[in-house]
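These notes concern the structure reproduced below.
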Amino acid sequence: MKVHKKKFGIKDNQPVYLFTMENNHGLEVSCLNYGCIITKILAPDRKGNVENVVLGFDNFTDYEVNSPYLGAIVGRFAGRISEGAFQLDGSNYKVAQNEGINHLHGGIKGFSHVLWDAEIIEKEHELSLIFYYNSPDGEEGYPGNVEMKVTYTLNNDNEFMISYYGVSDKITLLNVTNHTYFNLSGNLKRDILKHELTIDSDAFLELQENLLPTGNIINVENTVFDFRNGREIGEGVKSNNPQNIIAHNGYDHPFLLNKNHQQEIIVVEKESGRKLIVETDEPCVVLYTGNNLGNELSFYGTASRNYLGLCLETQHPPDSINHPQFQSSILQEKQVYQTKTKYLFTIESM
């Protein structure tokens with residue numbers, strides 16, 4: 001296995017580095033120490049062609065200025081918080097209102113737009129990149145000094161793991177995820193509308209017009225939100241279900257998972273044969289189907305358009321602090337936050 005490091009840009013007079021981990025089967029994962037951004041994943045198709053399967057940019061400026069969180073670690077709180085306001089332990093807090101009056105993905109900088117320290121760990125059949133960031137008390141309005149550690153690990157079984165660790169010196173909120181946009185066609189040859197997705201989930205969270213949860217939990221039965229036996233993404237894009245329309249003709253919804261670390265999320269692109277299996281210990285996954293990517297960007301020379309990538313954001317429910325019936329994202333003082341998501345890249349036989 002190999003790991004490479006090269007300079008990719010400059011941020012606040014500090015170098016931004018691009019790291020590339022490569023296993024013995026042609027699987028490569030490239031990422032930055034800026035936002036822990038995954039810039040590229042090269043994976044073989046059924047015929048052995050190794051191609052990129054995520055959205056990314058070939059220059060730092062686009063990540064700094066234009067990126068819709070491509071490949072980034074987002075936090076302290078992934079997803080939205082209503083009106084950027086919450087109460088903890090009797091105190092009221094206001095966090096950055098960076099999506100209208102609401103808070104999104106940790107704020108203006110959050111974890112996604114800052115430099116992290118990086119350490120390379122090399123083993124015979126496994127490579128790891130460990131990223132460290134200390135978020136000071138009051139950053140983006142959140143209480144507590146938070147020590148964060150995110151570990152990216154690639155092994156020779158074509159597994160890529162993301163491990164999250166955090167601890168705070170005050171009660172706070174912590175709900176971290178990765179925002180990679182996947183497209184298994186390879187080098188963005190096709191959009192994701194014919195990607196077949198399976199999610200072991202009986203229920204999803206209903207959304208308001210502003211994409212915040214209403215608080216209602218909806219059964220997937222007899223809807224295009226039923227992914228238990230697999231369905232193409234395009235079915236939801238064409239659907240007249242009010243929830244698909246609210247999400248700008250697609251999905252931007254949290255699905256409550258029935259099980260963990262048991263192949264609970266599977267994506268297949270039949271033409272290439274690529275198959276991605278996602279396993280996590282998180283209670284839900286937010287499926288976002290790139291409904292608002294638009295046409296103003298370019299990903300490695302391919303013009304952006306809606307539905308060019310899909311995100312599988314493993315996390316706790318959005319706005320959970322304002323919905324007591326949702327699983328909590330409150331982190332107590334000195335409590336350890338720890339979670340893990342695994343991505344297995346494989347091939348579906350004909």
Side-chain angles (χ1 to χ4, degrees), residues 53-55 68-71 74 78-80 99 102 104-105 175 177-185 188 190-258 264-270 275-278 280 282-294 304-320 326 341 343:
V53 295
V54 302
L55 273 58
Y69 301 99
L70 290 187
V74 294
R80 295 171 174 86
E99 190 191 53
N102 300 313
L104 177 66
H105 289 331
N175 181 31
T177 192
N178 178 271
H179 207 279
T180 292
Y181 289 74
F182 293 98
N183 182 324
L184 301 184
S185 69
L188 308 182
R190 295 173 291 278
D191 59 33
I192 51 92
L193 295 180
K194 288 191 175 297
H195 280 45
E196 185 176 288
L197 174 65
T198 302
I199 305 177
D200 192 343
S201 170
D202 295 334
F204 70 97
L205 302 186
E206 181 184 57
L207 300 181
Q208 308 172 47
E209 292 282 351
N210 61 6
L211 301 178
L212 280 154
T214 64
N216 294 330
I217 298 173
I218 307 298
N219 194 291
V220 301
E221 191 76 34
N222 297 319
T223 74
V224 290
F225 290 82
D226 188 352
F227 287 97
R228 291 173 295 187
N229 295 310
R231 71 168 62 240
E232 290 186 354
I233 294 297
E235 293 182 46
V237 171
K238 298 171 186 173
S239 168
N240 61 3
N241 186 307
Q243 281 295 295
N244 293 116
I245 294 169
I246 279 175
H248 305 109
N249 300 308
Y251 300 94
D252 197 356
H253 293 77
F255 288 79
L256 305 181
L257 297 171
N258 293 334
E264 56 268 28
I265 307 163
I266 300 172
V267 189
V268 175
E269 209 273 336
K270 290 189 174 179
K275 181 178 183 179
L276 173 63
I277 300 171
V278 183
T280 186
E282 291 281 20
C284 82
V285 60
V286 175
L287 168 64
Y288 174 54
T289 49
N291 319 321
N292 297 304
L293 279 172
S304 176
R305 62 187 188 274
N306 290 345
Y307 315 117
L308 196 57
L310 65 85
C311 300
L312 298 165
E313 304 161 53
T314 55
Q315 59 176 86
H316 277 49
D319 203 30
S320 56
F326 294 170
T341 297
Y343 307 82

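- For the pair I217 and L205, the minimum side-chain heavy-atom distance is below 4.5 Å.
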TODO: Just do the side-chain contact (heavy atoms from CB on, under 4.5 Å) check on I192 and V267 with the steps written out, would you?
DONE: CA-CA 10 Å; I192 51 92; V267 189; over 6 Å; no
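- With sequence neighbours excluded, the residues satisfying salt bridge (Lys or Arg N to Asp or Glu O under 4.0 Å) with E235 are R231.
- Y307 contributes atom OH, which lies 9.5 Å from atom CG of D191 (distance to the nearest 0.5 angstrom).
- Taking 4.5 Å as the limit, some side-chain heavy atom of P213 sits within range of a side-chain heavy atom of F326.
- Looking only at side-chain heavy atoms (C-beta outward), P254 and L207 come within less than 4.5 Å of each other.
- Tested against E269, the residues R190, K275, K194 include a single side chain to side chain donor-acceptor pair (under 3.5 Å) partner, R190.
- Atom CD1 of I233 sits about 4.5 Å away from atom CG of L197, to the nearest 0.5 Å.
- For N249 (side chain) and N244 (main-chain N/O), no donor-acceptor pair under 3.5 Å exists by modelled atom type.
- In this structure, the separation between CG on L193 and OG on S185 is 11.0 Å, given to the nearest 0.5 Å.
- Taken to the nearest 0.5 Å, the CG atom of L211 stands 9.5 Å off from the CG atom of N102.
- Partners of T280 according to the side chain to side chain contact (heavy atoms under 4.5 Å, CB included) rule, which considers only residues two or more places apart in sequence or in another chain, are L257, N260, E264, E282, T314, T341.
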Open item on the list: Could you walk me through whether L312 and Y343 satisfy the side-chain contact (heavy atoms from CB on, under 4.5 Å) test, starting with their C-alpha distance in whole Å, then the side-chain angles of each, then the deciding distance to 0.1 Å, before giving a yes or no?
Closed with: CA-CA 11 Å; L312 298 165; Y343 307 82; 5.7 Å; no
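- Ring geometry for H179 versus Y288: interplanar angle of 30 to 60°, hence tilted.
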- [ ] Dump the intermediate steps for side-chain contact (heavy atoms from CB on, under 4.5 Å) on E209 and I246, then the final yes or no.
- [x] CA-CA 6 Å; E209 292 282 351; I246 279 175; 4.0 Å; yes
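- To the nearest 0.5 Å, atoms CG (D200) and CG (N229) are separated by 9.5 Å.
- Of the inter-residue distances, the one linking N306 atom CG with N292 atom CG reads 6.5 Å to the nearest 0.5 angstrom.
- Remark: side-chain polar atoms of N183 are not paired, donor with acceptor, to backbone N or O of G309 under 3.5 angstrom.
- For an aromatic pair to be called close, the ring centres must be under 6.0 Å apart, and F227 with Y251 satisfies this.
- Ring planes of F255 and F204: tilted class, angle from 30 to 60°.
- Annotation: salt bridge (Lys or Arg N to Asp or Glu O under 4.0 Å) contacts of E196 (sequence neighbours excluded): K270.
- The side chain to side chain donor-acceptor pair (under 3.5 Å) search around R80 returns E99, not counting sequence neighbours.
- Shown here are the ring-ring contact (aromatic ring centres under 6.0 Å, His included) partners of H195, two or more places apart in sequence or in another chain: there are none.
- For R228, the side chain to side chain donor-acceptor pair (under 3.5 Å) test picks out D202, E221, D226, with sequence neighbours left out.
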